[in-house]
**Student:** 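Handing you a structure now.
Only this structure's heavy atoms are used, side chains among them; waters, hydrogens and symmetry mates stay out.
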Amino acid sequence: MAPDPGLTLVWAGIIGLAIFVYVITDGFDLGIGILFPVMAPGPERETAIATIKPVWDANQTWLVLGGGGVFAAFPLAYAILMPAVYAPLIMMLLGLIFRGVAFKFRSRTTRIWLWDFAFFGGSTLAAFCQGVILGAVLQGVKVSGRSYAGGWWDWLSPFSLLTGASVVAAYALLGACWLIWRTEGAVQDHAYRMAWRCGAASIVAVGAVSLATPFLNHDYFSRWFEAPGIYFSAPVPLLVAVTAFLFVRALKRRAEMAPFFLAQALFLLTFIGLGISIFPWAIPGQVTIWQAATMANAQSFMLVGVVLLLPVILGYTGYAYWLFRGKVGAEFYG
């Protein structure tokens, strides 16, 4: 039985949503790990940890949904892409493991400096590898028939390193803005200073990746600079500029919630730009989402499970954020 075109679009949307929600949620707690070395040991670091302790487990659920969704709904894309990005994928998982172990162990040891370093290293490695994987997919992979035909190191390129560094900077920005919202006093003041630096780095990084992407292949170029694609893509950089201006203005006003949500808006706009570049490809230039999709009956069966499970995930995540809302001070760590 062939894939259903409509259900294929639905599944592409579900996976896209899961990946985006993962990026804007787990992104800020990875960002706090990235910023750890510039935070003062003691109350500042403990306050930062306390802001994410109730929600970081729930944030990672979306990564499982996105990765599992690709495996189940688009098995051909999964089979081709996994060998192409095995190395950065394994490094990403190791980074997440180190981050998770350090998160638990740092409060149970006298060698807290060691686990603080593991928390920083794991967070940075995971963020960098996520960006590298994105860059490797965007630049394209070699396909022969229904299999990956490239080499072990094809994922490594100047462009993938650029996207890796960009994700690290952007996650650090989310982490700083989260601390602005959830803390007060000296910790919040430091978060404002970090947000200025990370915001500048993120805007430069987004600009660099945006300028480089259209020149990876002609299909990307035509969507951004030729009709009719330019009619859809032209508003994106304009909205990015407006959002960046509002972000800077919010920091100058020392707004507390606005910087975090404006930073998320920047992520959303870059995500939209990514969609404009690659849709409808599951593997750019090689395999479309309809060619990669599983059979219609499997799509329908899995969709029933998602319809039942997604409200539970949303409800649990929303309740965790609501229950632990408000400011966190150093007196609450432990």
Side-chain angles (χ1 to χ4, degrees), residues 18-39 44-67 85 88-106 115-135 160-183 187 190-191 194-195 197-199 201-202 205-206 209 259-261 263-268 270-271 317 320-321 324 328:
I19 293 173
F20 175 70
V21 174
Y22 169 77
V23 165
I24 63 172
T25 54
D26 205 39
F28 69 75
D29 55 50
L30 285 171
I32 287 175
I34 293 167
L35 293 171
F36 232 50
V38 299
M39 297 181 192
E44 184 175 14
R45 289 186 180 179
E46 301 305 332
T47 300
I49 287 288
T51 66
I52 61 174
K53 187 176 292 186
V55 297
W56 76 283
D57 284 325
N59 293 341
Q60 294 185 93
T61 305
W62 298 97
L63 179 62
V64 177
L65 178 60
V85 296
L89 180 65
I90 291 170
M91 288 189 290
M92 181 197 77
L93 293 175
L94 288 174
L96 291 175
I97 291 169
F98 270 102
R99 190 270 299 257
V101 171
F103 197 94
K104 299 294 185 182
F105 277 39
R106 63 182 304 278
W115 296 109
D116 280 358
F117 179 78
F119 184 58
F120 157 71
S123 299
T124 305
L125 180 63
F128 180 74
C129 289
Q130 287 173 16
V132 167
I133 291 169
L134 172 62
S160 67
L161 294 176
L162 173 62
T163 54
S166 299
V167 170
V168 171
Y171 281 2
L173 173 62
L174 282 180
C177 293
W178 172 258
L179 291 177
I180 289 173
W181 181 15
R182 296 299 309 280
T183 64
V187 178
H190 191 195
M194 292 188 293
R197 300 186 189 100
C198 296
S202 297
V206 167
V209 172
F260 181 70
F261 290 106
Q264 289 187 328
L266 285 173
F267 267 93
L268 176 60
T270 56
F271 204 74
T317 303
Y321 278 89
F324 296 98
V328 175

**Student:** How far does CG of L35 sit from CG of L30, to the nearest 0.5 angstrom?
**Tutor:** 11.0 Å
**Student:** With rounding to the nearest 0.5 angstrom, report the CD1 to CE distance, I133 to M92.
**Tutor:** 5.0 Å
**Student:** How are the rings of F271 and F20 set relative to one another: parallel (under 30°), tilted (30 to 60°) or perpendicular (over 60°)?
**Tutor:** tilted
**Student:** Quick one: does D26's side chain get under 4.5 Å of R99's, heavy atoms only?
**Tutor:** yes
**Student:** Begin from the C-alpha positions of T47 and M39 and carry the test side-chain contact (heavy atoms from CB on, under 4.5 Å) through to its verdict.
**Tutor:** CA-CA 10 Å; T47 300; M39 297 181 192; over 6 Å; no
**Student:** Go through S166 and L134 one step at a time and tell me if the side-chain contact (heavy atoms from CB on, under 4.5 Å) criterion holds.
**Tutor:** CA-CA 11 Å; S166 299; L134 172 62; over 6 Å; no
**Student:** Can you tell which of I19, I24, T317 makes a side chain to side chain contact (heavy atoms under 4.5 Å, CB included) with W62?
**Tutor:** T317
**Student:** As a quick check of understanding, evaluate side-chain contact (heavy atoms from CB on, under 4.5 Å) for V132 and M91, giving each step before the final call.
**Tutor:** CA-CA 11 Å; V132 167; M91 288 189 290; over 6 Å; no
**Student:** Could you go through the side chain to side chain donor-acceptor pair (under 3.5 Å) check for T51 and W178 one step at a time?
**Tutor:** CA-CA 8 Å; T51 66; W178 172 258; 3.1 Å; yes
**Student:** Is the closest side-chain heavy-atom distance between V21 and L65 below 4.5 Å?
**Tutor:** no
**Student:** Between Q130 and Y22, is there a side-chain heavy-atom distance shorter than 4.5 Å?
**Tutor:** yes
**Student:** Assess the residue pair Y171 and D29 against the criterion (side-chain contact (heavy atoms from CB on, under 4.5 Å)); give the C-alpha distance rounded to whole Å, side-chain angles, the decisive distance to 0.1 Å, and a yes or no.
**Tutor:** CA-CA 8 Å; Y171 281 2; D29 55 50; over 6 Å; no
